[in-house]
Structure formats: structure tokens, C-alpha cells
A.B. asks: 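Following this message is one structure expressed as C-alpha cells.
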Amino acid sequence: MTIFQLLNGATFAALLFVVASGFTLIFGLMRIVNLAHGALYLFGGYLGLAVANLTGNFFLGAIGAAVGVALIGLFIDYGLLRFVRGVELRQVLLTLGVAFVLNDLALVLWGGDTFSIQVPAFLDGPAEFGEITYPIYRLFVLLVGIVIFIALGLLITKTRLGALIRAGVDDAETVSAMGVDIRRVFIYTFMLGSALAGLGGVMGGAFLTLYPTADSEILVYSLAVVIIGGRGSLKGAAVGSLLVGMLSTFGQVWFPELAYFVIFGPMAILLAFRPLGLFGKVA
């Protein structure tokens, strides 16, 4: 049972990382607390469900969700957030309003029922490891989380865009003064973060299901991941996801009445000694 719960915690952490890595990229580079990120997760799940049902292909659903939510992110950043650039409170209120709009739109289009995205046949069913039987799809989610962590690490450390992202995190004004169009970097980053939220919606929709309040729940977990790991840190997002995933899983098993306290109690203690998180840096 302990090994089973460890696998549950690891697979949930992989899903949290996919969603929270996009959140921390936007937060770390653009200094925007995007409260619409959870709504992008849920809307991406619904888009993936619609595309998968239309085409009969789970992976086309995932691609459609990532692309569709990336375009929504483009509209949010270029069409809305650029008018309140540098004013944090207005950005928070604006993204919160966008979240309400997306939630109501999803409620109109898909109703208030609970949906589950059908996974391909080769990912359906259990895998057996000795005496342990575990769903293949959740192991697939774990693998995807690891692949995305490696891909984002390579993107940030080995590419020109990644170098600009890291430089923008440290000093956006200097990067702009050197002739780099930092606004374009911001747009690409926001679209990438949004696409990860949409992809996470499809992945989560297959085993956590999709329902009207799923956005607020995943947003709370993502905030905890970013706060624990540190703003703008990919390594912090990975470690924070693993901690939150394990604490949530074992907390619900051992202390179901205190499930949220098991997560946010240690987070509060951590912030008392490390206000910037485990891997956060001074802006």
C-alpha cells in the first residue's frame, strides 16, 4: 500500500509540474500572478475532450488543447494584459476576471456535468509489477512529466530563447536596452505557459476528471508549488510539485480531515525561514 501511494503521489506530482511549470514561467519572467491559469487548465481539458471525441484520438485532443489554450494565452497577454503592464493589482484583478469568464463560458458550452477523457486502449488497464498492480495511464503521466521537465530544462539552458528568458528573469530592462524585443519573449513565454496548462488539463481530465470547480483546486496546488519551489525556478517547480504531490496523497490517506493543512502548514513554516522559497532568488 505504501508503494501504491508513493506512485499516486509521484504521478500527481507529474501532473502538478506540467501545470505549475507554466505558471512559474509566467510568474518568474513577467511578474504576473496569472489567476486565470487554473481556468486555462480546465478549458484546455474541455477543448481536449471535444477534439478527442471529434477525432477519436487522445493525442490529437492533447495537441488541440495545447494549441487552443496557447492562442487564448496570446489574446490574454497581447489583448488585455498589455494595458495594465507593471500594475500588479490590476493584473491580478484582470486575470481573475478572465478566469470567471472562461469558467462561465465552459459552463455554457459543456454544462456542469463531470467528464472523463477516454485514453487510448494501449494506455488503458493495469500494469503488474510483482504483487503491485497500477494503472498504465498514470505511469504514462509520470513519464510525460519527466520528459517535459527535461525538455524545458534544455529549452531554458541550451537555446537562445531560454537564454533570453533567464536574462529577462534577472534584468528585463537591460535585455531590452541591448536591442532584444523583450515583449516578444514575454508573449512566447505566456503562450508556452498557457499551452502547458492546456496540456495538463487533458492529462488530468483522464484520471482526475473535469468538473466546474477543478480550476480553483489545481490553481491552489499550483500556487503552493510555486511558493515552495521559488518564483521562476524550474528546479523549484519540480521539487515543489513532488513535495505537494506526496503531502496531498499521504495527507488524504492518513489525515483526511487535515488534508489541506498537511500541505499548507509546512508551506507556512517554510516561508517563515525562506520567504523566497527553496530555489527562489531576489528579483
Side-chain angles (χ1 to χ4, degrees), residues 10-32 34 37 40-41 44 48 58-60 62-71 73-74 77 123 138-172 174-176 178-204 221-222 225-226 228-245 276-281 283:
T11 53
F12 184 49
L15 174 64
L16 286 180
F17 173 76
V18 173
V19 180
S21 59
F23 187 87
T24 196
L25 282 176
I26 295 172
F27 187 24
L29 176 59
M30 306 174 70
R31 308 294 190 260
I32 295 174
N34 181 22
H37 201 75
L40 293 176
Y41 162 89
F58 173 82
F59 297 103
L60 287 179
I63 294 172
V67 173
V69 176
L71 293 176
L74 173 63
D77 182 50
L123 293 177
R138 295 194 67 141
L139 296 175
F140 172 74
V141 171
L142 178 60
L143 176 62
V144 171
I146 295 172
V147 170
I148 290 179
F149 172 72
I150 295 173
L152 287 177
L154 292 175
L155 172 68
I156 292 176
T157 60
K158 301 296 184 181
T159 66
R160 183 175 183 272
L161 177 60
L164 292 176
I165 291 175
R166 285 184 284 115
V169 170
D170 294 332
D171 194 341
T174 300
V175 174
S176 182
M178 294 175 65
V180 175
D181 187 356
I182 195 66
R183 273 296 304 134
R184 182 173 297 180
V185 178
F186 285 165
I187 291 173
Y188 290 158
T189 303
F190 203 99
M191 290 181 68
L192 175 60
S194 300
L196 289 171
L199 178 61
V202 176
M203 293 169 57
Y221 283 120
S222 297
V225 168
V226 173
I228 291 173
R231 182 178 67 183
S233 171
L234 185 64
K235 184 192 299 183
V239 174
S241 297
L242 190 60
L243 290 175
V244 172
L276 297 177
L278 294 174
F279 300 95
K281 299 184 296 183

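We number each residue from 1, following the sequence as shown. Keep in mind it's a predicted model, so treat the numbers as computed, not measured.
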A.B. asks: How about CZ on R183, more than 12 heavy atoms from neighbouring residues, nucleotides or ligands closer than 6.0 Å, or not?
C.D. replies: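 More than 12 heavy atoms, drawn from other residues, nucleotides or ligands, come within 6.0 Å of this atom.
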A.B. asks: Could you pull out the closest heavy-atom pair between G44 and V202, with the gap in Å?
C.D. replies: O-CG2, 3.7 Å
A.B. asks: Please report the shortest heavy-atom distance between G145 and V18, naming the atom on each side.
C.D. replies: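 Closest approach of G145 to V18, heavy atoms only: CA-CG2, 4.2 Å.
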A.B. asks: Taking only residues two or more places apart in sequence, or in another chain, which ones meet I146 in a side chain to side chain contact (heavy atoms under 4.5 Å, CB included)?
C.D. replies: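 With neighbours one apart ignored, the set is L142, I150.
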A.B. asks: Once rounded to the nearest 0.5 Å, what's the spacing between atom CG of L243 and atom CG of L278?
C.D. replies: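 CG of L278 is found 7.0 Å from CG of L243.
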A.B. asks: When rounded to the nearest 0.5 angstrom, what distance separates CG in N34 from CZ in F190?
C.D. replies: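 Between atom CG of N34 and atom CZ of F190 there are 4.0 Å.
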A.B. asks: With sequence neighbours left out, write down each residue that passes side chain to side chain contact (heavy atoms under 4.5 Å, CB included) with A66, or none if nothing qualifies.
C.D. replies: A195
A.B. asks: Which residues satisfy the side chain to side chain contact (heavy atoms under 4.5 Å, CB included) test with V141, sequence neighbours excluded?
C.D. replies: A14, L15, Y137, M203, F207
A.B. asks: Listed by chain and number, what are the side chain to side chain contact (heavy atoms under 4.5 Å, CB included) partners of V244, not counting sequence neighbours?
C.D. replies: L16, Y221, A224, V225, I228, I263
A.B. asks: Please report the shortest heavy-atom distance between G73 and S194, naming the atom on each side.
C.D. replies: CA-OG, 3.4 Å
A.B. asks: On a heavy-atom basis, which atom in S241 and which in A20 lie closest, and how many Å separate them?
C.D. replies: OG-CB, 4.5 Å
A.B. asks: Identify, with sequence neighbours excluded, every residue that meets side chain to side chain donor-acceptor pair (under 3.5 Å) alongside T11.
C.D. replies: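 Only Y134, R138 meet the side chain to side chain donor-acceptor pair (under 3.5 Å) criterion with T11.
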A.B. asks: Enter the distance from I32:CD1 to F23:CZ here, rounded to the nearest 0.5 Å.
C.D. replies: 10.5 Å
A.B. asks: L192 and T189: side chain to side chain contact (heavy atoms under 4.5 Å, CB included), yes or no, with the steps?
C.D. replies: CA-CA 5 Å; L192 175 60; T189 303; 5.7 Å; no
A.B. asks: Please test V69 against Y41 for side chain to side chain contact (heavy atoms under 4.5 Å, CB included), starting from the C-alpha separation and ending with a verdict.
C.D. replies: CA-CA 8 Å; V69 176; Y41 162 89; over 6 Å; no
A.B. asks: Not counting sequence neighbours, which residues clear ring-ring contact (aromatic ring centres under 6.0 Å, His included) with F17? List them please.
C.D. replies: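 If we apply the ring-ring contact (aromatic ring centres under 6.0 Å, His included) test to F17, skipping adjacent residues, the hits are F149.
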A.B. asks: Quick check: do L234 and T24 have side-chain heavy atoms less than 4.5 Å from each other?
C.D. replies: no
